[in-house]
Visitor: 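Got a structure for you, written out below as structure tokens; questions coming shortly.
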Amino acid sequence: MAIQPNHFYASALKHADQNKQLIFTTGKTKSLQINAKASNARQLIQSGAIQPFTPKEAAAAMKEGFMLLDIRPIWETEKARVKGSLHVPLFVEDKDYSAITLLKKWVHFGYIGLWTGQKFTMFNPNFVWQVEAAVPDKESKLLVACGEGLRSMMAASKLYEGGYRNLGWLAGGFNRATEGDFPEIEGKEKLQYATIGGASYYFLRLLLLLQAVGKSD
């Protein structure tokens, strides 16, 4: 059974607003693209064209024929992924080494990369084509997922524009998953922590350690 997505896409769009404040880091055009895609995805979810599912509902949806499409970048899926899921990244590492891009990468590292471990990325220009190559039948059921829900909103919007009509969205992303929500996980990390990297990852490990010590006492 699908959920009312108001809370989840409100949270996701909050991240879009935060991205808008990082225009120097990501580029003004990219920021506008992100906000436009998120707004369009919100309308599609509200209209019922894209069906939202919580992580707890995802396993049942997959049993009903939905294929889980993980659109996170490869450095996140390498940490943890749902076994049997399809991986096509919406964002890929920006490997442009021009002077202006190197400057942006340096600022990105200072403000975001050092803390989160996220690389400087760009939209994958072949995203829809790669999905079409893997899933040519556009009547197929695709449950689009990412770490927090924003990127998968944009990906679902792009797929809808590309002709896919049986789309689901993982509301809140894998970060809201708990033990047992998905039948089998591959990788060395917990699925809900795979998005976390950089200094924040070590801070998280310290908090988990202190929590474990507190329970043992």
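Predicted model, so just to flag it, every value in this text is computed and none were measured. Just so it is clear, the values below take in all heavy atoms, side chains as well, and ignore hydrogens, waters and symmetry mates.
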Visitor: Can you check side-chain contact (heavy atoms from CB on, under 4.5 Å) on Val131 and Tyr164, steps first, answer last?
Guide: CA-CA 10 Å; Val131 174; Tyr164 288 90; 3.9 Å; yes
Visitor: Kindly give the heavy-atom pair with the smallest separation between Pro89 and Pro73, and that separation in Å.
Guide: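 So the minimum-distance heavy-atom pair works out to CB-CA, 4.2 Å.
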Visitor: With sequence neighbours excluded, tell me which residues meet ring pair (Phe, Tyr, Trp, His ring centres under 6.0 Å) with Phe182.
Guide: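 Applying ring pair (Phe, Tyr, Trp, His ring centres under 6.0 Å) to Phe182 gives Phe174.
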Visitor: Search all heavy atoms of Met122 against all heavy atoms of Pro125 and return the closest pair with its distance.
Guide: CE-CD, 4.2 Å
Visitor: For the CE atom of Met154 and the SG atom of Cys146, what is their distance to the nearest 0.5 Å?
Guide: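 Reported to 0.5 Å precision, the distance equals 8.0 Å.
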Visitor: Rounded to the nearest 0.5 Å, what separates atom CG in Asp181 from atom OG1 in Thr54?
Guide: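 Result: 7.5 Å between the selected atoms.
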Visitor: Out of curiosity, Glu64 CD to Leu143 CG, how far, rounded to the nearest 0.5 Å?
Guide: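 Rounded to the nearest 0.5 Å, the CD-CG separation comes to 11.0 Å.
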Visitor: With a 3.5 Å distance limit and no angle check, can you tell me whether Asp70 reaches the backbone of Leu86 through a side-chain donor-acceptor pair?
Guide: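 Checked: no pair found.
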Visitor: Run the numbers on Glu184 and Val82 for side-chain contact (heavy atoms from CB on, under 4.5 Å), then give the verdict.
Guide: CA-CA 6 Å; Glu184 192 169 353; Val82 177; over 6 Å; no
Visitor: Once rounded to the nearest 0.5 Å, what's the spacing between atom CD of Glu148 and atom CE of Met153?
Guide: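 If I round to the nearest 0.5 Å, the distance is 12.5 Å.
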Visitor: Examine distances only and state if a side-chain atom of Lys56 and a backbone atom of Thr178 form a donor-acceptor pair shorter than 3.5 Å.
Guide: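 No: the side chain of Lys56 does not pair with the backbone of Thr178.
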Visitor: Would you find a donor on one side and an acceptor on the other, under 3.5 Å apart, between the side chain of Arg165 and the backbone of Tyr160?
Guide: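 Yes.
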Visitor: Quick check: does any side chain N or O of Trp169 sit under 3.5 Å from a backbone N or O of Ala156, one acting as donor and the other as acceptor?
Guide: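 No, the answer is negative, given that no donor and acceptor are paired below the 3.5 Å cut-off.
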Visitor: State plainly whether the residues Lys138 and Glu132 are in salt-bridge range, i.e. N to O under 4.0 Å.
Guide: yes
Visitor: Closest approach of Gly168 and Ile50, non-hydrogen atoms and distance?
Guide: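 Here Gly168 and Ile50 meet closest at C-CG2, 4.2 Å.
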Visitor: Less than 3.5 Å apart, any donor N or O on the side chain of Asn40 or Ser157 sitting next to an acceptor on the other?
Guide: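 Checked: Asn40/Ser157 side chains pair up, N/O donor to acceptor below 3.5 Å.
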Visitor: Tell me if the NZ atom of Lys83 is crowded by more than 12 foreign heavy atoms within 6.0 Å.
Guide: no
Visitor: So, does Asn166 use its side chain to make a donor-acceptor pair with the main chain of Glu139 at under 3.5 Å?
Guide: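 Present.
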Visitor: Please report the closest heavy-atom contact between Lys141 and Gly65, naming both atoms and the distance.
Guide: CB-O, 3.6 Å
Visitor: Quick one: pull up OG in Ser47 and CZ in Arg42 and give me the separation to the nearest 0.5 Å.
Guide: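 If I round to the nearest 0.5 Å, the distance is 12.5 Å.
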Visitor: Looking at Val144, Asn124, Ile71, Val128, which hits side chain to side chain contact (heavy atoms under 4.5 Å, CB included) with Lys158?
Guide: Val128
Visitor: To the nearest 0.5 Å, what is the distance between CD on Glu57 and CD on Gln51?
Guide: 8.5 Å
Visitor: Please confirm whether the backbone N or O of Leu69 pairs with a side-chain atom of His87, one donor and one acceptor, at under 3.5 Å?
Guide: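 Flag not set: sc His87 to bb Leu69 has no pair under 3.5 Å.
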Visitor: For a salt bridge (charged side-chain N to carboxylate O under 4.0 Å, His left out) with Arg81, tell me which candidate from Glu189, Glu76, Glu186 qualifies.
Guide: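 Single salt bridge (charged side-chain N to carboxylate O under 4.0 Å, His left out) partner of Arg81 among Glu189, Glu76, Glu186: Glu186.
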Visitor: Are Phe66 and Phe53 close enough, and set up right, to give a side-chain contact (heavy atoms from CB on, under 4.5 Å), and what steps lead you there?
Guide: CA-CA 11 Å; Phe66 274 91; Phe53 296 91; 3.9 Å; yes
